[in-house]
Amino acid sequence: MSATPAPAPLPRHFYDRPTLEVARDLLGCHLIVDDGEERLIGRITETEAYLGFMDTACHSSNGRTPRTEVMFGPPGHAYVYIIYGIYDMLNLVTEAVGEPCAVLIRAIEPVQGEETMIARRNGKRGRDMLNGPGKMTRAMAITKTAHNRLDLCSGEGLWIEPGTPVSDDDIILGPRIGIDYAEPEHRDAPWRLRIATPQLRRQLEKKARQGNRAEE
DNA sequence: CTCCGGATTGACT
DNA sequence: GTCAATCCGGAGG
């Protein structure tokens, strides 16, 4: 039996950059959770950038509160909050102290520990297992209680490692999800980033055709 | 496949 | 009191 590899988390300066760049470079990276019993690994396939004060979709644009405090601190920490009473959302804090920005991790694909993920998702497997931010945290057992404010560069509990790089041609940009309350310029901004799979390309082409039809 | 309503509770007005 | 960076199941096409 082989020993578990030592954690090799991405360093803090990875997160200390413009948030859109971080969101882009996180695609293809490995998200790792280690509870001391088992190490789970997922490859990041979808992210959203939240750009701080100026972004009316970003929680921190309403000011500094106990909940958003961690976003105002140093980069490379986890911001985990609960939405709709029941779902934990994982964000990675970016940019310098005083710039309250973050990247939401929306979807992964399994790399290691898939059977545990399936069990935590109540037997759900395949396409619908990890394709949403609440599904992903449920499968990985990421919670506000256990992981909010955690240092992602310590290699303890939760961190990111390099994975398989993604070329610019394989990234699809689109508007972010679930932020209808934001100002139009932020609501419609293409700050949702996804790795393009053949299935996703087909799906979007189909949608575009329907849209064109409605125009006439 | 798409559309629609209910679940459930912390955070903030 | 209202709302939220969501998910799921059921109804209809």
Side-chain angles (χ1 to χ4, degrees), chain A residues 19-20 22-24 26-27 31 42 44-72 77-95 100-108 117-149 172-194 197-214:
Chain A
T19 303
L20 278 165
V22 179
R24 183 250 174 272
L26 280 168
L27 294 174
L31 170 65
I44 298 171
T45 58
E46 178 174 345
T47 62
E48 281 178 0
Y50 287 84
L51 303 194
F53 296 117
M54 54 74 71
D55 177 5
T56 54
C58 187
H59 292 164
S60 60
S61 69
N62 294 320
R64 195 165 183 147
T65 68
R67 181 175 62 147
T68 60
E69 179 70 25
V70 64
M71 275 199 283
F72 288 80
H77 288 252
Y79 166 44
V80 185
Y81 68 92
I82 294 177
I83 190 63
Y84 300 111
I86 43 184
Y87 298 108
D88 295 273
M89 300 281 111
L90 171 65
N91 300 260
L92 314 183
V93 175
T94 59
E95 305 203 22
C101 309
V103 175
L104 171 69
I105 308 299
R106 288 193 61 87
I108 61 176
M117 299 179 196
I118 291 168
R120 295 220 181 99
R121 288 282 288 118
N122 208 18
K124 183 82 82 176
R125 60 180 70 228
R127 292 214 64 74
D128 292 332
M129 178 170 62
L130 299 167
N131 62 342
K135 299 178 188 180
M136 185 278 288
T137 55
R138 187 68 59 88
M140 298 286 276
I142 294 168
T143 63
K144 175 185 174 184
T145 303
H147 299 104
N148 191 32
R149 297 169 169 271
I172 291 179
L173 305 180
R176 295 171 293 178
I177 299 298
I179 54 160
D180 287 349
Y181 57 84
E183 295 296 324
E185 58 176 314
H186 305 139
R187 184 191 61 204
D188 302 331
W191 295 340
R192 178 192 192 189
L193 290 70
R194 284 182 282 183
T197 61
Q199 305 92 291
L200 179 55
R201 289 192 196 279
R202 278 199 299 275
Q203 186 183 327
L204 292 174
E205 280 172 23
K206 184 176 168 188
K207 212 153 212 166
R209 282 197 299 275
Q210 290 171 345
N212 292 340
R213 198 164 302 180

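Nothing here was measured: the structure is a model prediction, and the numbers come from that model. All chains are named by letter (A, B, ...) in the order of the sequence lines, taking the proteins before the strands, and each is independently numbered beginning at 1. Side chains included, hydrogens not; waters and symmetry mates left out as well; all remaining heavy atoms used.
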Sugar-phosphate or base contact per nucleotide [nucleotides 3-9 of chain C; S, B, -; heavy atom under 4.0 Å]: -BBBSS-
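- Remark: R138(A) pairs with no residue by the salt bridge (charged side-chain N to carboxylate O under 4.0 Å, His left out) rule, at least two apart or across chains.
- Between the side chain of N131(A) and the main chain of A107(A), no donor-acceptor pair closer than 3.5 Å is present.
- Take Y81(A) and apply the ring pair (Phe, Tyr, Trp, His ring centres under 6.0 Å) test, not counting sequence neighbours, and it matches H59(A), Y79(A).
- Listed by chain and number, the residues in a side-chain hydrogen bond (donor to acceptor under 3.5 Å, both in side chains) with R120(A) amount to none (sequence neighbours excluded).
- To the nearest angstrom, C1' of dC12(B) lies 17 Å from CZ of R64(A).
- Listed for the E95(A) side chain is a donor-acceptor partner under 3.5 Å among the backbone atoms of T19(A).
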Distance-only donor-acceptor hits, side chain of residues 174-188 of chain A, under 3.5 Å, sequence neighbours excluded:
from	atom 1	to	atom 2	distance (Å)
R176(A)	NH1	A49(A)	O	2.9
R176(A)	NH1	D55(A)	OD2	2.7
R176(A)	NH2	D55(A)	OD1	3.1
R176(A)	NH2	H186(A)	O	3.0
Y181(A)	OH	A57(A)	O	3.2
H186(A)	ND1	T56(A)	N	3.0
H186(A)	ND1	T56(A)	OG1	2.7
H186(A)	NE2	M54(A)	O	3.0

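- As rounded to whole Å, 10 Å separates atom P of dC1(B) from atom CZ of R127(A).
- A donor atom on one side chain and an acceptor atom on the other are not found under 3.5 Å apart for S60(A) and T68(A).
- As a whole-Å value, the separation of K144(A) NZ from dT9(B) P is 14 Å.
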Per-nucleotide pairing state of DNA chain B [Watson-Crick or G-U, under 3.5 Å; [ ] pseudoknot-crossing; | other strand]: |||||||.||||.
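- The neighbour count for D128(A) CG, taken as heavy atoms of other residues, nucleotides or ligands under 6.0 Å away, is above 12.
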